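Presented below is the structure to which this report refers.
As the structure is a prediction and not an experimental result, all values here were calculated from the model. Proteins get letters first, then strands, A, B, ... in listed order; numbering begins at 1 in each.
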Protein chains: 2
Amino acid sequence: MSTTTRGRADRRPSITDVAKRAGVSVGTVSNVLNRPDQVSDSTRDRVLVAIEELQFVRNASARQLRAGTIQTVGAIVLDIANPFFTEVARGVEDRLAADEYTLMLSSSDEDPEREARYLRLFEEHGVQGVMVTPSAGSLDALLALRDRGIDVVLLDTTSPVDDISSVAVDDVRGGALAVEHLVGLGHTRIAFINGPQTIKQCVDRREGVLAALTGAGLDPASALVEITIGSLNAEGGEEGVNRLLAAEGDRPTAMFCVNDLTALGALRALRAHGVAIPAEMAVVGYDDVVFASMLTVPLTSVRQPTHQLGWTAADLLLRQRSEGAAFQHQRVQFQPELVVRGSSDPSA
Amino acid sequence: MSTTTRGRADRRPSITDVAKRAGVSVGTVSNVLNRPDQVSDSTRDRVLVAIEELQFVRNASARQLRAGTIQTVGAIVLDIANPFFTEVARGVEDRLAADEYTLMLSSSDEDPEREARYLRLFEEHGVQGVMVTPSAGSLDALLALRDRGIDVVLLDTTSPVDDISSVAVDDVRGGALAVEHLVGLGHTRIAFINGPQTIKQCVDRREGVLAALTGAGLDPASALVEITIGSLNAEGGEEGVNRLLAAEGDRPTAMFCVNDLTALGALRALRAHGVAIPAEMAVVGYDDVVFASMLTVPLTSVRQPTHQLGWTAADLLLRQRSEGAAFQHQRVQFQPELVVRGSSDPSA
DNA sequence: GCAGGATAGTGAATCGATTCATAGCGCACA
DNA sequence: TGTGCGCTATGAATCGATTCACTATCCTGC
């Protein structure tokens with residue numbers, strides 16, 4: 001039944017236990033762990049044997065308490081289940097690995113409270129910096145954090161202040177790209193399934209949407225049907241379509257969804273209602289996630305440089321730490337790109 | 001340019017600084033933080049003001065060092081970018097939240113070294129337990145971990161030993177379901193795009209595949225074309241199809257992919273090669289991820305109870321901790337379910 | 001007026017790893 | 001023989017929050 005067990009450990013062995021067992025001082029054990037070349041071979045071997053026998057594992061809390069800091073940064077994204085953010089996170093990790101930093105990754109689920117909680121958790125744990133896709137109103141908290149010595153880089157959002165760096169994609173342009181495309185196809189009544197205005201991306205893409213409409217001589221008041229959903233995922237998309245189709249008035253002939261997950265849900269709901277795509281409803285998404293091109297009706301989408309986004313954010317953060325006061329804050333902005341497919345353009 | 005800054009903090013304020021500023025002892029500050037009702041209103045207010053003024057943030061390392069443990073468990077999954085695992089993780093979180101536990105989530109990317117590294121990291125940080133989707137050969141490390149007082153629950157794998165619990169879905173059955181379906185449609189030559197045999201899921205699903213073939217009177221040697229890919233994602237799927245189509249011999253008429261991400265990549269490559277689905281190649285995936293039903297050709301897949309899987313694993317872990325020696329280890333196994341769609345069955 | 005009890009607040013000891021000033025030892029060189 | 005250097009090893013001090021035995025103070029009731 002049970003293999004050799006020393007029972008539920010009463011207490012983790014500490015460096016002191018190892019020292020006793022090996023017949024050396026704690027300082028020597030520490031040296032074996034951290035500066036092995038300063039210890040004679042015979043002593044080192046004795047200590048290593050003791051470590052093995054006791055199954056000693058360093059206590060990270062004690063280390064960090066003494067060291068005061070750890071080679072770790074935190075990142076908070078809006079939704080870890082969204083492929084867009086997992087690709088961004090991969091870019092972050094790749095850059096951090098080069099400097100032997102570790103990543104603590106969390107998802108705020110677009111909830112300012114969760115965001116604040118994780119921010120505090122990160123700080124209590126002594127991370128050196130954080131990358132955040134912030135929700136509205138968290139700027140003050142981030143500035144305070146920065147003042148307390150924790151570097152901050154905004155992720156997928158343009159910084160509203162000069163002394164915090166950011167890496168973003170031009171969401172205004174992206175929103176405009178989507179709607180210019182739809183208008184160019186002749187649509188004059190367009191639905192916009194968008195998230196709450198507490199999310200900067202939603203605000204910016206909306207601005208682009210309005211600009212594109214106005215630029216084409218259309219009046220947003222009549223040309224645009226806005227639906228605000230609670231969460232930017234497939235469920236939100238379904239909810240948005242259901243509300244749109246249940247509403248009074250002329251049904252739009254085109255739809256722009258704030259991201260691809262939302263568009264996926266929207267497509268599902270549209271299909272359930274028997275709405276033909278793109279004949280009765282053209283659909284455009286955002287992010288160009290991995291499966292966008294493979295859907296029943298391949299999804300027109302706005303592509304963003306995800307990996308590069310994450311990589312650059314991590315790079316700015318690390319450079320900020322290493323360069324100190326000499327570091328110049330900057331707002332990096334990448335350009336999005338429209339990928340036209342069958343969900344909007346039958347000829348694509 | 002810069003708002004009020006106290007520069008890069010020389011040192012985080014500690015509980016001692018707060019005590020000095022408020023004119024009380026450190027014990028009192030600690031009481032304000034942990035047992036506020038044992039402190040008089042006036043004192044409490046004074047301390048809170050000091051905390052606010054100094055922007056004091058607790059040092060998690062010091063807390064944990066003293067406390068010895070934290071209300072945290074770790075989880076290591078194979079691929080955090082796979083929707084299957086993000087849904088499982090959501091289930092884990094939901095159960096943990098009920099007991100006010102926190103989750104540290106990592107992805108091993110199917111790399112035993114990464115897995116071992118994270119396991120060690122978790123242990124150093126003093127997590128109370130871990131949930132792991134293990135790679136081959138890590139069992140000994142997990143048993144040792146368990147012996148050191150850290151509870152272990154295997155996730156999405158059936159435990160090979162009696163004294164470690166596990167929560168899994170019957171992968172043998174799942175693999176059989178997929179191939180029985182294909183055989184039932186008349187296919188006698190089937191490709192199996194599978195991952196390395198270091199991954200238990202791959203072994204089990206393969207076993208089901210072989211059993212289904214044999215059970216139908218087919219000889220795996222001639223009926224099965226196995227392609228082993230390096231990573232279980234879309235890139236792996238593309239690679240698998242490219243190799244399959246480049247190979248000598250009769251081209252199979254059906255294909256079973258070890259998961260849906262792989263299937264997605266496979267579909268993409270098949271399309272690029274102009275192979276008609278399901279006419280020239282029937283395709284079955286595994287996991288029934290969120291977008292499976294929405295693909296160009298809706299994907300036949302084997303559905304698993306993701307959320308329940310994660311929830312149950314976390315539940316076992318927490319109960320194991322609270323019940324102590326009285327806890328009965330168990331192997332929970334859920335049953336998968338085949339969802340037939342157009343990628344295998346034109347009539348679906 | 002005083003014992004007894006409740007209430008507030010204190011501060012030294014503790015957790016475990018790291019650091020650093022110090023010491024012991026052997027060897028080489030003057 | 002003595003000085004000085006290099007190499008090893010030592011162990012007390014340190015990081016910051018928590019705990020707990022203890023003191024101080026005030027109140028209640030007889």
Side-chain angles (χ1 to χ4, degrees), chain A residues 9-48 50-51 54-71 120-121 123-128 148-149, chain B residues 9-48 50-51 54-71 120-121 123-128 148-149:
Chain A
D10 328 317
R11 192 175 57 81
R12 283 166 72 177
S14 77
I15 208 176
T16 314
D17 301 320
V18 173
K20 266 189 206 127
R21 176 141 198 149
V24 298
S25 74
V26 294
T28 302
V29 177
S30 179
N31 282 338
V32 169
L33 294 170
N34 302 303
R35 302 172 210 76
D37 46 321
Q38 286 188 24
V39 180
S40 73
D41 289 358
S42 66
T43 311
R44 180 167 56 240
D45 287 349
R46 229 157 4 109
V47 171
L48 290 177
I51 286 177
L54 292 174
Q55 296 253 28
F56 166 76
V57 175
R58 266 180 165 98
N59 183 322
S61 302
R63 292 193 80 178
Q64 284 171 32
L65 173 57
R66 185 59 229 251
T69 178
I70 37 172
Q71 298 281 91
R120 172 152 286 252
L121 210 63
E123 187 176 9
E124 290 183 352
H125 277 85
V127 301
Q128 298 197 6
R148 276 179 248 130
Chain B
D10 328 318
R11 191 175 57 82
R12 282 166 73 177
S14 77
I15 209 177
T16 314
D17 301 322
V18 174
K20 266 188 206 127
R21 175 138 195 151
V24 297
S25 73
V26 292
T28 301
V29 176
S30 179
N31 283 338
V32 169
L33 294 171
N34 302 303
R35 303 172 208 76
D37 44 323
Q38 285 187 26
V39 180
S40 73
D41 289 358
S42 66
T43 311
R44 180 167 57 241
D45 288 350
R46 229 160 0 114
V47 172
L48 290 176
I51 286 177
L54 292 174
Q55 296 252 34
F56 166 76
V57 175
R58 265 182 167 96
N59 182 322
S61 302
R63 293 193 79 179
Q64 285 171 32
L65 174 57
R66 185 58 229 251
T69 180
I70 39 171
Q71 299 281 93
R120 171 151 286 252
L121 210 64
E123 187 177 8
E124 290 183 351
H125 277 85
V127 301
Q128 298 197 6
R148 276 179 247 128

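Residues from residues 57-71 of chain B that place a heavy atom under 4.0 Å from any atom of DNA chain C, listed by number: Leu65(B), Arg66(B). Proximity of residues 30-44 of chain A to DNA chain D (heavy atom under 4.0 angstrom from any strand atom) is restricted to Asn31(A), Val39(A), Ser40(A), Thr43(A).
For DNA chain D, the span of nucleotides reached by chain A at under 4.0 Å from its heavy atoms goes, 5' to 3', from dT8(D) to dG16(D).
Annotation: the span from Ile70(A) atom CD1 to His125(A) atom NE2 amounts to 7.5 Å, rounded to 0.5 Å. For the atom pair CD1 (Ile15(B)) and CD1 (Ile51(B)), the distance works out to 8.0 Å, reported to the nearest 0.5 Å. Rounding to the nearest 0.5 Å places CG of Asp45(A) at 7.5 Å from OG of Ser42(A). Between the CZ atom in Arg12(A) and the OG1 atom in Thr69(B) there is a gap of 9.0 Å [rounded to 0.5 Å].
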task = Any chance you could lay out the side chain to side chain contact (heavy atoms under 4.5 Å, CB included) test for Glu124(B) and Gln64(A), step after step, and finish with the verdict?
result = CA-CA 11 Å; Glu124(B) 290 183 351; Gln64(A) 284 171 32; over 6 Å; no
Derivation and outcome, side chain to side chain contact (heavy atoms under 4.5 Å, CB included), residues Arg66(A) and Leu65(B) = CA-CA 11 Å; Arg66(A) 185 59 229 251; Leu65(B) 174 57; over 6 Å; no
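Residues that satisfy the side chain to side chain contact (heavy atoms under 4.5 Å, CB included) test with Arg44(B), not counting sequence neighbours, are Val32(B), Pro36(B), Val39(B), Asp41(B), Leu48(B). The side chain to side chain donor-acceptor pair (under 3.5 Å) check on Glu123(A) picks up Arg148(A), with sequence neighbours excluded. With sequence neighbours left out, the side chain to side chain donor-acceptor pair (under 3.5 Å) criterion links Asp37(A) to no other residue.
Residue Val24(B) is in sugar-phosphate contact alone, with no base atom involved, counting any heavy-atom pair closer than 4.0 Å across all strands shown.
Under the 3.5 Å distance criterion, the side-chain polar atoms of Arg46(A) are left unmatched by any main-chain donor or acceptor of Arg21(A).
Note on Thr28(B): a side-chain N or O is less than 4.0 Å away from OP1 or OP2 of dT10(C).
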